[in-house]
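This report refers to the structure that appears directly beneath it.
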Amino acid sequence: MRLEGKKVLVTGAGKGIGREICKLLSACGAEVFAVSRTAADLQSLAAEIPCKTIVADLAEAQQAVSAAEQALKLAGRIDCLVNNAGISIPQSFLDTTADAFDRTMAVNVRAVMLITQVIAKDWIARKSPGAVVNLSSQASMAALADHAAYCASKGGLDMLTKVMALELGPHQIRVNAVNPTVTLTPMGEMAWGDPKKSGPMLAKIPLGRFAKPIHVANAVAYLLSDAADMIHGVTLPVDGGFLAQ
Ligand code: NDP
């Protein structure tokens, strides 16, 4: 995947999949602008790869907008956007709280909308093409116990991706999503670390293994690259076949 000279904004860059995406994109020649919540994570990322960093809590609407504006200011222009930041607060449906639901929606769906609005308006004003990849999940298409808010947020994110594709496509702004299965990150360990949960999930994955962050990062890099120039509005499973059943 060749991304030489591309300036890429990645959210949720501090840990897990987002961090791996930053490392891969940098290795592919991209200039990375990394947004995350914990400053120490961004400091250690900046010690690993050349990147510029912005600390923001994307659950706050104003911080999401200003993080995107700051990135534009810092970079001069952004060519590609990866909306990766996401949270999962496992609760049974009956016990799901309004607070957990609202927070999940704010990070997993609303922040994606707000950040992409800022970046896409700049692309349109400059008559520049762009590419967006949203980090969705297999949970957008298959119900998972104890994930009511998360499943609803990722289902919403898939549809947001498609509406963005519909409206932004005429401006040559490509928008796609990747939909991973369980991926071995801090979030993956938190939700699936218990063998009582991971065993039955593994049994539903035809390849018989969970994803590694690099599997997801490879799909993101491909969708951002010119090799995917005609791919638009897709929700791409990276799931070892989980959704094939
Ligand atoms: P992690 O929890 O391991 O890492 C998420 C990163 O996003 C962290 O750096 C975190 O920062 C940051 N982040 C979370 N909330 C905010 C916020 N409000 N503002 C700014 N940054 C924030 O998650 P993963 O790497 O596992 O997940 C990345 C994406 O992939 C998510 O969208 C997730 O839903 C999706 N996904 C993950 C799967 C998995 O099994 N791991 C499976 C399918 C999809 P901090 O720690 O400081 O809060």
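Shown here are the ring-ring contact (aromatic ring centres under 6.0 Å, His included) partners of Trp192, two or more places apart in sequence or in another chain: His147. Scanning for side chain to side chain donor-acceptor pair (under 3.5 Å) contacts around Arg19 gives Ser44, Glu48, with sequence neighbours left out. Among residues two or more places apart in sequence or in another chain, the side-chain contact (heavy atoms from CB on, under 4.5 Å) test is passed with Lys6 by Leu3, Val8, Asp79, Cys80, Asp226. Legend: residues meeting side-chain contact (heavy atoms from CB on, under 4.5 Å) with Glu60, ordered by chain and number and at least two apart, are Asp57, Gln63. Partners of Leu184 according to the side-chain contact (heavy atoms from CB on, under 4.5 Å) rule, which considers only residues two or more places apart in sequence or in another chain, are Glu189, Phe210. Remark: Ala39 engages Gln43, Val55 in a side-chain contact (heavy atoms from CB on, under 4.5 Å) (not counting sequence neighbours).
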Test log, rule side-chain contact (heavy atoms from CB on, under 4.5 Å), inputs Asn176 and Leu236: CA-CA 8 Å; Asn176 293 292; Leu236 175 67; over 6 Å; no

CA sep, side-chain torsions, deciding dist, call: Lys15, Thr38, side-chain contact (heavy atoms from CB on, under 4.5 Å): CA-CA 9 Å; Lys15 299 186 177 78; Thr38 304; 4.1 Å; yes

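Think of Met230 as one node in a network of Ile, Leu, Val, Met, Phe, Trp and Tyr side chains linked at under 4.5 Å; it has no links at all. Within the hydrophobic cluster formed by Ile, Leu, Val, Met, Phe, Trp and Tyr side chains joined at under 4.5 Å, directly or through other members, Phe93 is accompanied by Leu94. With side-chain heavy atoms closer than 4.5 Å counting as contact, directly or through intermediates, the hydrophobic cluster containing Ile87 also holds Ile89, Val107.
Sorted by first and then second residue, the ring-ring contact (aromatic ring centres under 6.0 Å, His included) pairs with a member in residues 218-245 form an empty list; sequence neighbours excluded. Listed by first then second residue, pairs satisfying salt bridge (Lys or Arg N to Asp or Glu O under 4.0 Å) with a partner in residues 109-130 read Asp122-Arg126, not counting sequence neighbours.
A distance of 10.0 Å separates CD1 of Ile205 from CG of Leu243, quoted to the nearest 0.5 Å. From Asp41, atom CG reaches atom OG1 of Thr53 across 11.0 Å, with rounding to the nearest 0.5 Å. Rounding to the nearest 0.5 Å gives a distance of 11.0 Å between CD1 of Ile54 and OG1 of Thr11. With rounding to the nearest 0.5 angstrom, the OG1 atom of Thr183 is 9.5 Å from the NE2 atom of His215. Taken from CD in Gln91 to OG1 in Thr104, the straight-line distance is 7.5 Å, to the nearest 0.5 Å.
Side-chain contact check for Asn218 versus Met1: some heavy-atom pair is nearer than 4.5 Å. Within the 4.5 Å cutoff, no side-chain heavy atoms of Gln138 are placed close to those of Lys204. A heavy-atom distance below 4.5 Å is found between the side chains of Cys51 and Leu45. Counting heavy atoms from C-beta on, the side chains of Glu69 and Lys73 never come closer than 4.5 Å. Using a 4.5 Å cut-off on side-chain heavy atoms (C-beta onward), Leu224 and Leu25 make contact. Between Ile231 and Leu223 there is a side-chain heavy-atom pair separated by less than 4.5 Å.
Closest of all the heavy-atom pairs between Ala67 and Ala56 is CB-CB, 3.9 Å. Considering every non-hydrogen atom in both Cys22 and Ala34, the closest pair reads SG-CB, 4.4 Å. Across Ser26 and Pro50, no two heavy atoms sit closer than the pair OG-CD, 3.8 Å.
Not one N or O on the side chain of Ser128 forms a donor-acceptor pair closer than 3.5 Å with the backbone of Ile124.
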Without placing hydrogens or testing angles, list every side-chain donor-acceptor pair under 3.5 Å for residues 152-170, not counting sequence neighbours.
from	atom 1	to	atom 2	distance (Å)
Ser153	OG	Asn108	ND2	3.1
Ser153	OG	Tyr150	O	2.7
Lys154	NZ	Leu135	O	2.8
Asp158	OD1	Ser136	OG	2.7
Asp158	OD1	Asn179	ND2	3.3
Asp158	OD2	Ser140	OG	2.5
Asp158	OD2	Asn179	ND2	3.3
Thr161	OG1	Asn134	ND2	3.0
Thr161	OG1	Leu157	O	2.7

